[in-house]
Protein chains: 2
Amino acid sequence: MPQNDISSQMLKGILQGCLLILINQRPYYGYAISQELSRYGFADVPKGTIYPLLMSMEKKGLIIGKMQPSKDGPQRKYYHITATGKQARQIFLNKWDTLSLNVNDLINERRNDS
Amino acid sequence: MPQNDISSQMLKGILQGCLLILINQRPYYGYAISQELSRYGFADVPKGTIYPLLMSMEKKGLIIGKMQPSKDGPQRKYYHITATGKQARQIFLNKWDTLSLNVNDLINERRNDS
DNA sequence: AATCACTAGTTTGTAAAGCAAAATAGTAAT
DNA sequence: ATTACTATTTTGCTTTACAAACTAGTGATT
């Protein structure tokens, strides 16, 4: 399967892709991610979604979490990106380009249908 | 919840949105949809995904299927869009605009992170 | 000291979705 | 007859979404 096919995994993977973009920039912990995401229109991604997703990403070896104490509250689990995670991030970027181009094509070729 | 928030429903709903775009143009049957989608990079969306999705869209009242005989093989179930479906299509178009803008922002503001 | 508000993460349980695969069925060519 | 292509439905397994409950730390208010 070519890297740039749009699979349903892709459709589901946009959130994971966005997390990889964020964590690639610098280590993030879950709570901060949900705040950062809301700045990009992902309003209130539930923690019941984001924490299990981070755990599954760690299980896949894309990120690694490290507990660190905080003076402002309980410990924070900072996630760092791995080499595998960097690869996955690049694949996501390519797939996102393809997806958005193709969806826009599909839409634009039917612009005048009401 | 504001219409233009990106929800996880949105992430899952891209395929449904694309089906609404197609069926809004003219009636389609499942098999033809999967062929049309492959022209837009949605390579081989499995029939185990597409047929149940069409059925759930009919259940939601977005489309209506009508069986019609074919000279080239078994009957085809042509799906027609409903008024509710047209509304859902418009909502999808708005949400897609928001999603792609926000994801592109998130990516572009971190362009230089390797 | 007790409560509240905010931060922070894990776990649990249910519902829904994704999808491979099998079952059914029609046409047409070999 | 068999194969090949078209076409839809159904079954069963796995994964995902996520609300809700639970644990736990800090700091301010009562």
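The figures here come from the full heavy-atom set of this structure, side chains too, leaving out hydrogens, waters and symmetry mates. Throughout, protein chains are lettered first and strands after them, A, B, ... in sequence-line order, and every chain is numbered starting at 1.
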Quickly work out the [X] [atom1] to [N] [atom2] distance and round it to whole Å.
| X | N | atom1 | atom2 | answer |
| --- | --- | --- | --- | --- |
| A:Met57 | D:dT15 | CE | C1' | 16 Å |
| A:Met55 | D:dC18 | CE | P | 16 Å |
| A:Gln68 | D:dG25 | CD | P | 17 Å |
| A:Leu53 | C:dG9 | CG | C1' | 15 Å |
| A:Met67 | C:dG9 | CE | P | 7 Å |
| A:Lys47 | D:dA17 | NZ | C1' | 15 Å |
| B:Gln35 | D:dA7 | CD | C1' | 10 Å |
| A:Asp72 | D:dA28 | CG | C1' | 14 Å |

State yes or no: are the ring centers of A:Tyr79 and A:Tyr28 separated by less than 6.0 Å?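 Ring-ring flag for A:Tyr79/A:Tyr28: false, centres at least 6.0 Å apart.
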Has [X] got a side-chain N or O lying under 4.0 Å from the OP1 or OP2 atom of [N]?
| X | N | answer |
| --- | --- | --- |
| B:Tyr29 | D:dA7 | yes |
| B:Tyr51 | D:dT9 | no |
| A:Thr49 | D:dC18 | yes |

Are A:Met57 and A:Ile64 connected in a single hydrophobic cluster, I mean Ile/Leu/Val/Met/Phe/Trp/Tyr linked by side-chain heavy atoms less than 4.5 Å apart? no
Among C:dA8, D:dC18, D:dA7, which nucleotide has an atom closest to any side-chain atom of A:Arg76?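 For A:Arg76, the side-chain atoms sit closest to C:dA8.
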Nearest to the B:Lys77 side chain among C:dA25, D:dT8, C:dG9, which nucleotide is it? D:dT8
Between A:Arg110 and B:Glu36, does at least one N-O distance fall below 4.0 Å, as a salt bridge requires? yes
Any luck finding a side-chain donor-acceptor pair between B:Lys95 and B:Gln90 under 3.5 Å? no
Base, sugar-phosphate alone, or nothing: which one does A:Lys71 contact when heavy atoms must sit under 4.0 Å apart? sugar-phosphate
Counting heavy atoms not belonging to A:Asn112, are there more than 12 under 6.0 Å from its CG?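 Atom CG in A:Asn112 is not packed in, count stays at 12 or less.
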If you assign each of A:Leu15 and A:Gln75 to its closest nucleotide in DNA chain D, which residue comes earlier from the 5' end?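 Whichever sits nearer the 5' end wins; that is A:Leu15.
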